[in-house]
Asker: 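Before anything else, here's the structure in question.
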Amino acid sequence: MKTLLRASGKGLLTICLGLTGAGVASGDSLSLAGSYSPSKVVGGRLSYRPDPLPVGLPAWLGRPALFLEFSLNTWVESRRDDEAVTSLAASPVLQWPLSGEEASLFLEAGIGLALIDFIQIGGRDLSSHFQFEDRIGVSWVYSDNQKSSINLNIFHYSNAGIKQPNQGLNLLVLGWQRRL
């Protein structure tokens, strides 16, 4: 499992870096982020988000954009660097504007799927390689050309009780995103 995830992670990194020079759609973006958990786990995140999906959503949801985000994550216990976990994730993300038509502040939420190579980190037993990736956060577009943003999210990884123990992992994630 570890070899598969690391090889897939290298493939995702290569694709993301290759996209920066390729003809990608105007809304595609890359994000770099750092993460921290009260369980003394720190990490990094590289993600790729293509253009919003062209789907009609129910009116009761408001007018969010729907994205599908792919990410490579790595976490280490801050007291020991020999206990590392690598994760590959795919997550649909809903993004609601919070400040009118020309919004610069957004609320984001999503629930996706993740595969991890090790099931223990920071004294927490995640008990399965399959995890759900839940998130909620805000995004602020700060540049005049609307290409750069800062994101602050809370992520939760767990297997939803499919296998016990299901201690889960909570992370505070601060990131920088750039539209290509």
Asker: Considering all heavy atoms of both residues, which atom of Gly175 and which atom of Ala33 are nearest to each other, and what is their separation?
Answerer: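 Scanning both residues, the minimum pair turns out to be CA-CB, 3.6 Å.
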Asker: Before giving the answer on side chain to side chain contact (heavy atoms under 4.5 Å, CB included), spell out for His156 and Asn170 the whole-Å C-alpha distance, their side-chain angles and the decisive distance to 0.1 Å.
Answerer: CA-CA 4 Å; His156 174 73; Asn170 297 318; 2.5 Å; yes
Asker: Does Leu107 form a side chain to side chain contact (heavy atoms under 4.5 Å, CB included) with Ile136? I'd like the steps, not just the answer.
Answerer: CA-CA 8 Å; Leu107 173 67; Ile136 190 161; 4.2 Å; yes
Asker: Let me see the working for Leu171 and Asn73 under side chain to side chain contact (heavy atoms under 4.5 Å, CB included), right down to the final yes or no.
Answerer: CA-CA 12 Å; Leu171 296 158; Asn73 306 275; over 6 Å; no
Asker: Using a 3.5 Å distance criterion without hydrogens, assess whether the side chain of Gln131 forms a donor-acceptor pair with backbone atoms of Ser158.
Answerer: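 Here the side-chain-to-backbone pair exists.
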Asker: Closest approach of Pro92 and Leu68, non-hydrogen atoms and distance?
Answerer: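 Of all heavy-atom pairs spanning Pro92 and Leu68, the closest is N-CD1, 3.8 Å.
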Asker: Can you tell if the side chain of Asn151 reaches within under 4.5 Å of the side chain of Leu174, non-hydrogen atoms only?
Answerer: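 SC-SC contact between Asn151 and Leu174 ruled out.
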Asker: Mind checking whether Tyr36 and Val76 sit in one hydrophobic cluster, side chains of I, L, V, M, F, W, Y counted as touching below 4.5 Å?
Answerer: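 Tyr36 clusters together with Val76.
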Asker: To the nearest 0.5 Å, what is the distance between CG (Leu126) and CD1 (Ile121)?
Answerer: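 Nearest 0.5 Å value for the CG-CD1 distance: 8.5 Å.
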Asker: Is there a donor-acceptor contact under 3.5 Å from the side chain of Ser39 to the main chain of Val41?
Answerer: no
Asker: Quick one: closest heavy-atom pair of Ser128 and Ile116, and the distance?
Answerer: O-CD1, 3.6 Å
Asker: How long is the span from the CG atom in Leu88 to the CG atom in Asp117, to the nearest 0.5 Å?
Answerer: 9.0 Å
Asker: Mind checking what makes side-chain contact (heavy atoms from CB on, under 4.5 Å) contact with Gln146, not counting sequence neighbours?
Answerer: Val141, Arg179
Asker: Can you list the steps and then say if Trp75 with Phe155 is a ring pair (Phe, Tyr, Trp, His ring centres under 6.0 Å)?
Answerer: CA-CA 13 Å; Trp75 310 305; Phe155 278 77; 9.1 Å; no
Asker: Can you tell me which residue pairs pass the salt bridge (charged side-chain N to carboxylate O under 4.0 Å, His left out) test with a partner in residues 35-47, sequence neighbours excluded?
Answerer: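 Residue pairs with at least one partner in residues 35-47: Arg45-Glu69, Arg45-Glu133.
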Asker: According to salt bridge (Lys or Arg N to Asp or Glu O under 4.0 Å), who are the partners of Glu108, at least two apart in sequence or on a separate chain?
Answerer: Arg49
Asker: For Ile154, does the CD1 atom sit with more than 12 other heavy atoms under 6.0 Å from it, leaving out its own atoms?
Answerer: no
Asker: Determine, using the 4.5 Å side-chain heavy-atom cutoff (strictly less than), whether Phe67 and Phe132 are members of one ILVMFWY cluster.
Answerer: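 Unlinked, Phe67 and Phe132 end up in two clusters.
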Asker: Apply side chain to side chain donor-acceptor pair (under 3.5 Å) to Ser149 and list each qualifying residue two or more places apart in sequence or on a separate chain.
Answerer: none
Asker: Going only through I, L, V, M, F, W and Y residues with side-chain contacts under 4.5 Å, is there a path from Val93 to Val138?
Answerer: no
Asker: To check you understand the geometry: which heavy-atom pair defines the closest contact between Trp96 and Ala109, and what is its length?
Answerer: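 Here Trp96 and Ala109 meet closest at CZ3-CB, 4.1 Å.
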Asker: Using 0.5 Å steps for rounding, measure from the CG atom of Asn153 to the OG atom of Ser139.
Answerer: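 One gets 8.0 Å once the value is rounded to the nearest 0.5 Å.
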Asker: For a 4.5 angstrom cut-off between non-hydrogen side-chain atoms, does Thr86 reach Leu72?
Answerer: yes
Asker: With sequence neighbours excluded, what pairs up with Pro97 under the side-chain contact (heavy atoms from CB on, under 4.5 Å) test?
Answerer: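 Scan of Pro97 (side-chain contact (heavy atoms from CB on, under 4.5 Å), adjacent residues dropped) gives Ala103, Phe106.
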Asker: Linking I/L/V/M/F/W/Y whenever any side-chain heavy atoms sit under 4.5 Å apart, do Leu57 and Ile111 land together?
Answerer: no
Asker: Would the distance check show the side chain of Ser104 and the main-chain N or O of Trp140 forming a donor-acceptor pair, the cut-off being under 3.5 Å?
Answerer: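 A pair under 3.5 Å: no.
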Asker: Please round to the nearest 0.5 Å and tell me the distance separating atom CZ of Phe70 and atom OG of Ser91.
Answerer: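 Here the interatomic distance stands at 10.0 Å.
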Asker: Do Leu32 and Leu46 have side chains that approach each other closer than 4.5 Å (heavy atoms only, starting at C-beta)?
Answerer: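 Yes, side chains in contact.
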Asker: Would you check, one step at a time, whether the test side chain to side chain contact (heavy atoms under 4.5 Å, CB included) holds for Ser127 with Asn159?
Answerer: CA-CA 8 Å; Ser127 85; Asn159 66 24; 2.9 Å; yes
Asker: What distance separates Ser29 OG from Tyr48 OH, expressed to the nearest 0.5 Å?
Answerer: 8.0 Å
Asker: Mind checking what makes side chain to side chain donor-acceptor pair (under 3.5 Å) contact with Tyr142, not counting sequence neighbours?
Answerer: Trp176
Asker: Got a second to check how far Arg124's CZ is from Asn166's CG, nearest 0.5 Å?
Answerer: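 Output value for this atom pair is 9.5 Å.
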Asker: Could you tell me whether the side chain of Leu66 reaches within less than 4.5 Å of the side chain of Pro52, counting heavy atoms only?
Answerer: no
